[in-house]
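Order of the sequence lines sets the chain letters (A, B, ...), proteins ahead of strands, with each chain counted from 1. Not measured: the values here are computed from a predicted model.
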Amino acid sequence: MENKRINGNDLLALGYKENHAMGVALKINKKRLGFSREQMLAKFKDVLDHPESYLNDKTFKPLAEVLLNIDAIEKETISLNETPDEYAVYGEDHIEEGAKKQMDVAMKLPVTVAGALMPDAHQGYGLPIGGVLATNNAVIPYGVGVDIGCRMALSVFDLPSDYLDTNRDNLKKVLMANTRFGAGHGYLRHERVDHAVLDNELFDTHDLIRSLKDKAWTQLGSSGGGNHFVEFGVIDFTEADEALGVARGKYLALLTHSGSRGLGATIAGHYTKLAKDICKLPYAAQNLAYLDLNTAEGQEYWLAMNLAGDYASACHEVIHDKIKTALGAELLAKVENHHNFAWKEQFEGEEVIVHRKGATPASKDTMGIIPGSMATPGFLVRGKGEETAINSASHGAGRLMSRTQAIKTLAAADLKTMLENHGITLLGAGMDEAPMAYKDIYTVMAAQSDLVDIVAKFSPKIVRMAADGSRED
DNA sequence: ATGTCC
């Protein structure tokens, strides 16, 4: 393809190095200035060879300035350790190279204490998705992720699993009436509900968060797009679980996956930028910029992150409460867990900051939920407290295909057949969420048998996700 | 993930 987009490799071929100049060049390249690929490559080459000629050029001035000062800029950056510390990888055979490379960089940070890769790991911004990183008194906004506090919540109802067969139409209506999906979408003024999370003082004292209060209110109890879902299914306890108080049997259950919506995304964006301004790391590690928890900015992020986590939790609570009320059902058990967050935890006898970016907390006896996909089972698990994995497990099956690849290659007819074979009703979703785009959940669970015990299996039956293209009404 | 560019 002659007109493919210029990338880092093209710039390396021109003689650029993997440093901040490359970052600036790629940013300029994104602007699409009407030049052809060849013209743009020629420009980049000429700026590299004669930066002084571009100091008055509107477009290339920032690049020329960085190129002329590159030595001073690189000298100001925090040095990484020469070699990455060792870290455990679970299910290595099925983890893409890019995720390991990102983890290698994270393991060179001066604040890093330990790391681990979960079997659903894939490439993200900064820390890979499925990456766990313990640091010394520092928090990495991109180590938490953009969707701060993204989590799972499961309600097990005192209704038998065959309730699904006899009440499918009603359950569909309950799901449609009590959930809302899609980027930007929330509830109208008269539809809003209240929740104590909105009383958090940051909504009064923190300028940015104050400006987000109204949006947070409208989006309270909504679910977003992408892989977020609200679904009814059957949970199968092949034996009684005494700690949870559930007898052997199959029950109707509600499973939700969503995060902190626009509130968390805006907080993440704000503090990632702030961290990058404060913490100057080499280009390859830029997105791992961290905030020292002994600074005002670090403390502020910590409070804002916790608010976003509480808000994500409140969203699930609203959904589960509405649906429980609509069903008039009794709750047998409820489990929930964040999988995009940072915690203060003990690790090998010292206090560390554990970042889990798409990883389930799995310290000894901690309950968690690891979903499969819309047509494959998810699992209720109990942590085994494996310290090598920094007391963590995967947060799902993990992607096998990128969203664009899935949309391009997967057939809607195949998905339809698969859903029919499994007796699944699907409301919304695009091909990018098809089960074929995900790794095999059984393989992923087998790769982490040292990390969690399976308590029960959840099979989705009525699944609601954002409409195709993330638009929804 | 997010009304997808400050």
Dump the pairs, protein N or O against N or O of nucleotides 4-6 of chain B, anything under 3.5 Å, distances to one decimal.
none

Note to self: At a heavy-atom distance below 4.0 Å, what parts of residues 258-269 of chain A sit against DNA chain B?
What the structure shows: A/Arg261, A/Gly262, A/Ala265

Next item on the list: Would you name the heavy atoms of A/Ala359 and A/Val132 that are closest together and state the gap between them?
Entry: CB-CG2, 3.7 Å

Notebook entry, point to check: So, A/Ser392 side chain and A/Ile390 main chain: donor-acceptor pair closer than 3.5 Å or not?
Noted result: yes

Next item on the list: For A/Lys45, check salt bridge (Lys or Arg N to Asp or Glu O under 4.0 Å) against everything at least two apart and list the hits.
Entry: A/Asp49

Next item on the list: Check whether more than 12 heavy atoms from other residues, nucleotides or ligands sit under 6.0 Å from atom NZ of A/Lys334, and answer yes or no.
Entry: yes

Margin query: Would the distance check show the side chain of A/Gln219 and the main-chain N or O of A/Gly262 forming a donor-acceptor pair, the cut-off being under 3.5 Å?
Written below: yes

Margin query: For the residue pair A/Arg399 and A/Tyr438, would you count it as a cation-pi contact if the rule is NZ or CZ under 6.0 angstrom from the ring centre and within 45 degrees of the ring axis?
Written below: yes

Check: Would the A/His339 and A/His257 ring centres measure less than 6.0 Å apart?
Finding: yes

Notebook entry, point to check: Within this structure, what is the CD-to-C1' distance between A/Gln219 and B/dT2, rounded to whole angstrom?
Noted result: 9 Å

Check: Is the Lys NZ or Arg CZ of A/Lys276 less than 6.0 Å from the centre of A/Tyr290's six-membered ring, within 45° of the axis?
Finding: no

Check: How is A/Lys215 classified with respect to the nucleic acid when contacts are heavy atoms under 4.0 Å: base, sugar-phosphate, or nothing?
Finding: sugar-phosphate

